[in-house]
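Each residue takes its place number in the sequence, starting with 1.
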Amino acid sequence: MKNTAHPLEPKADKDTVRRHNLSLVLRAVRDEGEATRAAVAARVGLTRAAVSSLVEQLLAGGFLTEQGKTFSGQAGRPGTALRVARSGPAGLGVEINIDYVAVCVVDLAGTDRVRLTEHVDNRGVAPAEVLERAARIAARTLGSAAEQDLRPAGARLALPGLVSGGTVRQAPNLGWNQVAAETLFARALAQCPGRPALPVGSDNEANAAALAELWFGVGAGPEPVRGFLYLTGEIGVGGAVVVDGELLRGAHGFAGEIGHAMADADGPRCRCGSRGCLEQYAGQAALLRGAGLDETAGMPGVAELERRARAGDARTVAALERAGRMLGLVVSGAVNLLDPEAVVLGGIYRPLMPWLGPAADRELTLRVVSGLWPAGSGRLRASSSSGDAARGAAAAVVREVVANPAGYAVRAPT
């Protein structure tokens, strides 16, 4: 009989087990915020002696620090409190969007330690020039990080388009096609004075923002949401799908492109070449245009949109309600298909939720099957204020470090 089973993974050797256990202990301390060796041993299921040895290696590698004695209230000697280090390995996140570039550095705990944002219109600008500008901003951010003794282990780009294999296959609102973003950015960053070369990765900006929401927002609360549809409103409309705490990427890595889902087959022409895409009704330009504002005004225009809505301007409120209805119409199809726990609206939608949200929620209540979206269910919510694409990208680098601390130690643990 022919054996058709998939080959098994190689047997775990001593080094593989060590790497796994180092990561296990580091994650335990990070998740607790502060823990003793005994508490870590109880949580991860290793002996105290084994945990003590692993902790010493993590201390020597610059991943943990000791914070003095802590008392558990039980008999026995007090334990030494451990925390993840506030210096040492970190992650660099770079969000390149249509009208701004945001760069941040996060530490091992995921804390946003340094951030620079530059508002600039990137439309019609050569991709190499945009990426060089982003590299210069990143270099200044790295300089500030170095003053805090933070050493990013890598950089991650968050880009508004179809991203695969380090290349932006298509970014209609930027006018990019087949742009080798990782290579261009890495080259530009390495040419900045005093900046060492860093490994560079990339992802879609909505994916990075959804990961930030998962790690620091709805997925990190007392009642964590582990499956949700994330929409981010910017010049375009981005989307991402999180299932059981993991991004759903699809066969080609492009899952979640809800901004180009059709809202009206006879609608206006979209930059992607199709007609009636959601972003033509609920993207930033559409919102500003509907309210009678300059559709190229960027974030100042969005701030004015919010100000007018709060003042009760009828035209502005009507424009936001129309956009909310179109959001609800398109999102209802995704909800019927995927049945997420929640739908999270981020980007410019977050401050506009009081006017967008009710209209979207009514459409969802009307269109989601079997009464699974009752009015006021709370399944439609604004994104957290603690996460965005730049932070999500930087935190993804940190997650790689935590998964293999031996590979990023200041000094190789012995």
Side-chain angles (χ1 to χ4, degrees), residues 97-100 102 117 119-123 160 172-173 205-206 209 213 229-239 258-264 266-271 275-332 342-367 373 375-385 388-389:
N97 220 304
I98 312 304
D99 53 357
Y100 66 89
T117 301
H119 293 280
V120 57
D121 194 340
N122 292 315
R123 288 169 289 194
N173 288 312
E205 57 91 15
E213 191 64 31
L229 175 62
Y230 183 89
L231 278 77
T232 176
E234 301 292 350
I235 298 294
V237 178
I258 199 166
H260 296 287
M262 185 181 66
D264 181 354
D266 297 320
R269 180 75 67 181
C270 180
R271 289 178 181 268
R275 284 189 176 276
C277 294
L278 175 62
E279 73 174 46
Q280 296 302 307
Y281 301 93
Q284 178 177 296
L287 293 175
L288 295 175
R289 184 171 59 249
L293 296 168
D294 180 1
E295 62 185 81
T296 65
M299 293 310 296
V302 174
E304 176 63 13
L305 190 70
E306 182 183 0
R307 188 195 69 78
R308 291 189 182 188
R310 291 193 182 282
D313 179 73
R315 184 174 180 180
T316 300
V317 170
L320 292 172
E321 288 180 346
R322 283 195 302 273
R325 286 197 300 273
M326 298 306 280
L327 278 168
L329 172 68
V330 172
V331 170
S332 65
V343 173
V344 181
L345 301 184
I348 65 169
Y349 294 148
R350 185 173 181 273
L352 300 175
M353 273 291 286
W355 305 278
L356 286 166
D361 201 46
R362 285 193 295 272
E363 287 294 324
L364 286 159
T365 300
L366 176 66
R367 297 177 184 278
W373 197 286
S377 65
R379 291 176 68 187
L380 180 69
R381 59 185 75 184
S383 65
S384 166
S385 61
D388 62 11

Is any side-chain heavy atom of [X] closer than 4.5 Å to a side-chain heavy atom of [Y]?
{"X": "Glu279", "Y": "Asn173", "value": "yes"}
{"X": "Ile235", "Y": "Arg123", "value": "yes"}
{"X": "Ile258", "Y": "Leu229", "value": "yes"}
{"X": "Trp373", "Y": "Leu380", "value": "yes"}
{"X": "His260", "Y": "Cys270", "value": "yes"}
{"X": "Asn122", "Y": "Ile98", "value": "no"}
{"X": "Cys277", "Y": "Met262", "value": "no"}
{"X": "Leu287", "Y": "Leu352", "value": "yes"}

Interatomic distance, [X] atom [atom1] to [Y] atom [atom2] [nearest 0.5 angstrom]:
{"X": "Leu364", "Y": "Arg379", "atom1": "CG", "atom2": "CZ", "result": "8.5 Å"}
{"X": "Leu293", "Y": "Gln284", "atom1": "CG", "atom2": "CD", "result": "10.5 Å"}
{"X": "Arg310", "Y": "Thr316", "atom1": "CZ", "atom2": "OG1", "result": "13.0 Å"}
{"X": "Thr296", "Y": "Asp99", "atom1": "OG1", "atom2": "CG", "result": "10.0 Å"}

So which heavy atom on [X] is nearest to which on [Y], and how close?
{"X": "Val330", "Y": "Ala261", "value": "CG1-CB, 3.7 Å"}
{"X": "Leu305", "Y": "Ala291", "value": "CD1-CB, 3.4 Å"}
{"X": "Ala206", "Y": "Thr232", "value": "CB-CG2, 3.8 Å"}
{"X": "Tyr230", "Y": "Ser383", "value": "CE1-CB, 4.1 Å"}
{"X": "Leu231", "Y": "Tyr349", "value": "O-CD1, 4.3 Å"}
{"X": "Gly267", "Y": "Arg275", "value": "O-NH1, 3.3 Å"}

Checking [X] now: which residues fulfil salt bridge (charged side-chain N to carboxylate O under 4.0 Å, His left out) with it, not counting sequence neighbours?
{"X": "Arg315", "answer": "none"}
{"X": "Arg381", "answer": "none"}
{"X": "Arg308", "answer": "Glu304"}

Any donor-acceptor pair under 3.5 Å from Glu213 side chain to Ser384 backbone: yes

Short side-chain to backbone donor-acceptor contact, Asn97 and Tyr100, under 3.5 Å: no

Give me each pair satisfying salt bridge (Lys or Arg N to Asp or Glu O under 4.0 Å) with a member in [range], each pair once, sequence neighbours excluded.
{"range": "residues 352-366", "result": "Glu363-Arg367"}
{"range": "residues 286-301", "result": "Arg289-Glu295"}
{"range": "residues 348-357", "result": "none"}

